[in-house]
Amino acid sequence: MTKVLVKIGILIGLLLGGFWFYHQQQVKYDMKQYNKKIKEYMDYDQNFEVEKAKAWNPDIVGRVFIDGVIDEVVVQTENNIDYVHQDLDGNYNVYGTVFQDYRVDDEASNIILYGHSSKKKNLVFTSLMKYVDYEFIKAHPRISYQDQEYELAYVFMINVHQEYDAMIFETHFEHAELFKKLLMNLSEYTMFDLNVDVSSVKGMITLVTCNPSNDEERLLVVGIKKS
Amino acid sequence: MKFKIVWIWMCMLILFPFQRAFAQEVHITEFESYEAFEKLFHQESSFYNASLHKHKTIGRYRINGKLSYITIMELNGEVVYCLDPMINAKFGDGYYEDYEYLNENTKRELWKITHHGYGNYNRYGEDYYAATQVLIWEALGYYGEALYKDLSTYHLEEKKQEIVASMHQGDQLPSFHNQTIEVPFNEAYIIEDHNRVLSSFPIQHPNLIAKQNQLSIKINQLEYQKHYQFSSNQDQLHTNIVYGKPNSQAVFLASNAKPSTSFHFQVKLITGDLKVVKVDEFQKVAKGFHQFGIYKDEQATELIKVLHTNGEDVVSLHQYLPPGTYYIKELQTSFPYLINPTIYSFEIKANELTTIQMVNQVVNVDVKIVKKDIEDQSLYLNDTYFSVKDVTDEVEESMVAASSKVLTVFKELVVEEDDIVYFKESDLYRVDGNRIIGLKDGYFDIDYDGYLMHYRVDMQATNTYTMPYPKENPILFQGATGNYYLRTLDLKNHNRPIPFVEVSFYEDEERTILIEKRVSDEYGVIKIDKFTQDVIYYKYLDYQGKFQQDKKEGYLLVEDLKWGRRYQICEIKPKEGYDLSEEVCETIEVNDVKDVEYVVTSLNRKRRVQVEIEKLDRKYHSLLDLARLQVYVNDTYLGDYYTGMLTIHGQPNTKYLVSDEINFNNSTIHTTDEQGQIILALKEGTYYYKKADDSLVYQTRVSKGIVSLADLVYGDKVKVCEVKAPSGYHLDSTCIEQVLKPSEQENTAILKLYNQKIEVDPYNPEYPIVPKMGV
């Protein structure tokens with residue numbers, strides 16, 4: 001009887017192991033196919049035409065690119081949760097997809113992009129953590145997004161469970177001076193003084209990711225667009 | 001007429017030989033003819049009938065070897081004399097009142113000879129006649145030898161001496177002639193005539209009694225006769241006639257020609273002088289018309305004398321009152337003085353000056369201080385407090401504004417720490433009108449540890465005065481052109497100012513009259529631009545707490561101020577909710593009109609209150625930017641404001657200047673938008689703004705999480721409603737209201753509004769969220 005039970009257990013274990021192995025292989029395959037598809041889109045046109053990409057996923061709104069740091073497709077829905085753990089094919093993906101704040105539109109002064117980072121894996125925004133180094137900032141100072149060039153201006157960290165200036169997550173401002181006020185405040189928060197002349201700033205992009213070392217912290221890398 | 005002709009013929013017969021002898025020397029003038037002399041005597045009708053009716057030759061007289069005769073002659077019963085020897089009367093004639101070719105002294109001498117000679121004082125006889133005739137000739141310059149029938153009988157020289165002695169005695173005056181005799185009041189004062197001639201003078205006067213050679217003087221009236229003159233009683237004698245002119249028959253009446261002898265003297269009561277000085281209650285001269293009565297008695301009923309000033313403050317009574325006690329009372333005074341009813345007594349001492357100072361009160365003046373709201377002058381304000389100070393004798397600082405042209409650099413003076421330096425004020429400078437005249441050459445003293453040091457100031461030199469005692473911390477006292485001051489410097493420590501060094505200023509060289517002590521300020525400076533040479537007179541009327549307040553009209557009546565004085569009225573506490581007047585102190589001269597009430601209108605502006613609305617995190621109390629607040633003042637919408645921003649509300653398209661300096665250096669120009677607002681993101685700090693075409697300046701403050709509202713008024717009701725929460729926070733739709741009544745020390749009212757932070761809810765699209773992006 002005991003032997004029978006052992007045999008049955010081994011069999012179940014083999015079945016589960018086989019299922020897990022199959023699943024892993026399937027995921028690898030899917031990721032490979034997914035990455036292949038992304039690469040196809042990426043390679044299809046170096047300029048990444050959004051309208052064409054929308055044929056694959058209508059939520060795609062752009063591509064964020066920092067030479068040698070990140071190069072990710074960006075989606076946007078009506079909330080800030082859909083793509084936290086979802087890929088472009090609509091499948092669950094724990095690493096999610098880089099997404100644009102649902103409030104951002106053509107009038108937005110502050111374009112906010114969210115992306116995951118990890119200690120162990122090189123996820124979409126993991127490389128942003130390198131911007132805590134001043135030399136890295138000087139080596140990678142430009143952000144490209146939606147045919148616009150942004151000059152890296154501010155890098156700072158917030159703790160979402162403590163006191164912080166939530167104005168950085170504002171996308172629209174009623175008055176140009178209010179946007180200017182935001183920039184002036186960022187000058188106080190930033191880790192590095194990059195001598196930004198706020199009077200000439202016409203817009204900004206904020207890349208947000210978690211601090212892999214502390215879930216409560218967010219790293220914000222801000223680029224500005226000058227007139 | 002018949003007798004007259006006979007007299008003429010007789011005289012011609014007697015004098016014929018002499019007339020023949022001197023025919024060559026005789027000049028017959030106006031009387032050459034009978035008709036001529038008759039014409040003359042026609043005018044002198046009273047003498048016309050005179051005739052020489054008696055003559056008797058009693059002797060001879062020889063001059064220059066020529067003889068003449070001495071003949072006793074009479075005319076109308078009066079004795080006559082020949083004026084010129086050896087000239088015979090040729091024919092009869094009358095009297096002639098004057099004898100023109102003799103001078104006055106000669107005439108008087110002839111009168112005295114004839115008066116004291118033959119015919120008077122029992123001097124009769126031929127020898128007296130001859131002596132008189134000879135004295136007359138000698139008085140006229142004819143000196144010769146008298147040849148008489150019998151000289152031993154005649155005693156001619158003896159008679160001449162007697163007559164001359166009589167003449168001299170007649171010339172003597174009392175010994176007090178031409179003297180001033182001081183006599184006591186109402187007492188007999190006796191003086192004696194040492195020349196013993198007083199009896200020759202008839203003296204009749206109520207103040208004088210003459211007895212032999214003593215004169216008693218008694219003055220019993222203050223108004224008395226001071227000058228006396230008396231003539232000799234011999235004045236009444238006029239009995240002598242002197243016969244006339246050479247070879248003419250003119251005769252003059254000598255006794256009527258000249259006045260008699262007289263003497264005079266002055267009497268002066270022994271008195272003292274009185275000087276009445278009028279001052280006002282402030283010991284200032286009181287010029288005007290002041291009338292006083294001087295009385296004998298304490299009740300001031302027996303008036304002695306009335307005195308009055310005539311526009312001045314002093315009246316004197318010179319040499320009038322005898323020694324004694326008197327009383328004086330003011331009878332009349334002039335504006336602005338009140339009559340002084342006090343009866344003062346005073347003592348007069350002989351030949352001394354007694355000075356009385358009589359004090360007048362100055363008429364009272366009421367000053368009405370009216371308080372109004374400067375922006376609504378129909379609104380009267382009560383509950384305002386003032387101080388009223390009499391500053392008549394203070395020198396206004398503005399009156400002694402320094403002028404570099406007249407100020408001179410004060411010489412450096414090195415003394416030691418903790419030493420007190422005494423400056424004689426007049427050595428420092430003097431005030432001349434509205435100028436300060438700088439240091440003159442002169443001296444000043446330093447009292448150093450009991451050593452009195454004298455220094456000379458030579459304004460042309462550049463001396464440094466150093467105390468000759470080594471100490472640890474010498475101090476340099478120095479002055480400067482312009483604003484006049486002393487400065488204390490630590491010479492051992494890079495000339496750093498030494499604060500709080502006490503310096504005493506004295507009026508006098510002996511340093512007994514302290515003007516005041518002053519302590520150098522934190523910069524080691526003592527300003528000395530206030531002192532004058534006069535003693536600083538200071539009176540403070542503490543009206544605080546005595547005010548009469550009328551809530552209806554809002555005025556303060558300050559009573560019993562004095563006309564002619566200068567008062568400084570200072571507002572010391574405004575009505576609650578109002579600022580002090582811009583002109584905190586006002587100086588009024590209460591003498592421009594003869595009014596009993598002055599009105600001083602003072603305007604106050606309601607206190608301006610700074611309002612600061614703080615937007616706070618409810619949990620952390622941190623200040624939050626960019627909340628949008630609607631502000632209402634007294635239920636009137638004022639505008640929307642963002643925390644952390646500078647917001648200006650006004651008319652649309654209006655230009656404003658904004659600067660962080662009140663003088664608007666480095667200002668920027670901004671224009672209001674269509675909603676009439678300007679929103680500016682500025683660094684934290686204080687800012688000033690104003691319309692480009694206006695001078696009214698507003699002050700505000702830019703700070704994190706704060707809305708600063710300038711120029712609200714004390715008592716305003718402010719309502720604040722949030723219309724947009726700070727980023728990441730829930731909107732707090734509860735409006736708060738507050739009436740602005742900050743304390744006087746804090747002119748800022750603070751309103752606090754709190755917000756609740758939004759918790760992360762990624763599924764609630766109403767609020768922006770920060771998704772968790774870690775894996």
Side-chain angles (χ1 to χ4, degrees), chain A residues 78-85 94-96 98-99 101-103 112 114-121 123-126 158 160-171 173-185 188 198 208-220, chain B residues 615-628 640-648 658 668 670 673 675 677-685 702-705 723-730 755-775:
Chain A
E78 294 178 349
N79 57 60
N80 280 353
I81 194 66
D82 290 349
Y83 282 90
V84 173
H85 297 293
V94 69
Y95 307 135
V98 175
F99 61 92
D101 193 289
Y102 71 94
R103 297 166 297 171
I112 306 173
Y114 302 95
H116 284 288
S117 62
S118 171
K119 271 189 208 176
K120 300 174 182 175
K121 297 181 179 179
L123 302 184
V124 286
F125 276 1
T126 296
I158 63 171
V160 295
H161 293 288
Q162 293 181 7
E163 180 187 8
Y164 70 95
D165 187 353
M167 191 163 58
I168 182 60
F169 294 108
E170 291 288 349
T171 55
F173 298 89
E174 296 175 323
H175 197 284
E177 288 291 315
L178 301 183
F179 177 60
K180 182 180 172 185
K181 177 68 175 178
L182 168 63
L183 296 172
M184 291 169 64
N185 286 355
E188 297 177 7
V198 297
V208 183
T209 189
C210 290
N211 178 3
S213 302
N214 185 345
D215 282 350
E216 295 183 351
E217 290 184 348
R218 304 286 185 272
L219 175 72
L220 293 90
Chain B
K615 203 67 183 144
L616 298 159
D617 181 295
R618 185 174 297 283
K619 182 177 179 181
Y620 298 105
H621 292 263
S622 54
L623 291 159
L624 307 174
D625 275 339
L626 299 193
R628 183 177 172 185
D640 279 14
Y641 292 82
Y642 290 90
T643 56
M645 306 291 287
L646 188 151
T647 308
I648 299 173
V658 179
T668 54
H670 304 272
D673 57 19
Q675 285 73 44
Q677 72 176 9
I678 295 170
I679 298 172
L680 296 175
L682 300 172
K683 291 180 181 177
E684 290 195 357
V702 172
S703 184
K704 183 176 179 60
V723 293
K724 180 181 178 301
S727 300
Y729 287 84
H730 291 285
N755 284 90
Q756 183 69 39
K757 196 170 184 179
I758 299 169
E759 296 300 325
V760 174
D761 184 359
Y763 294 101
N764 186 347
E766 184 178 351
Y767 304 109
I769 54 93
V770 181
K772 183 180 178 182
M773 300 306 292
V775 175

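The figures that follow rest on heavy atoms only: side chains count, while hydrogens, waters and symmetry mates do not. Lettering of chains follows the sequences in order, A, B, ..., and the numbering in each one begins at 1.
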Is it the backbone or the side chain of B:Leu626 that comes under 4.5 Å from a heavy atom of chain A, or both, or neither?
side chain

Pair A:Glu174 + B:Arg628, salt bridge at N-O below 4.0 Å
yes

Looking at every heavy atom in both A:Glu177 and B:Ala681, which two are closest together, and how far apart are they?
OE1-N, 2.6 Å

Specify the closest pair of heavy atoms between A:Ala166 and B:Ser727, including all atoms of both residues, with the distance to one decimal.
CB-O, 2.9 Å

Portion of A:Asn214 that has a non-hydrogen atom of chain B nearer than 4.5 angstrom:
neither

Between A:Lys181 and B:Leu682, the two heavy atoms sitting closest are NZ-O, 4.2 Å

Give, as side chain, backbone, both or neither, the part of A:Met184 having an atom under 4.5 angstrom from any heavy atom of chain B.
side chain

Separation between NE2 of A:His175 and OG1 of B:Thr647, rounded to the nearest 0.5 Å
9.0 Å

Between B:Lys683 and chain A, with a heavy-atom cut-off of 4.5 Å, which part of the residue counts as in contact: side chain, backbone, both or neither?
both

Can you give me the closest heavy-atom contact between A:Asp165 and B:Lys704, atom names plus distance?
OD2-NZ, 4.2 Å

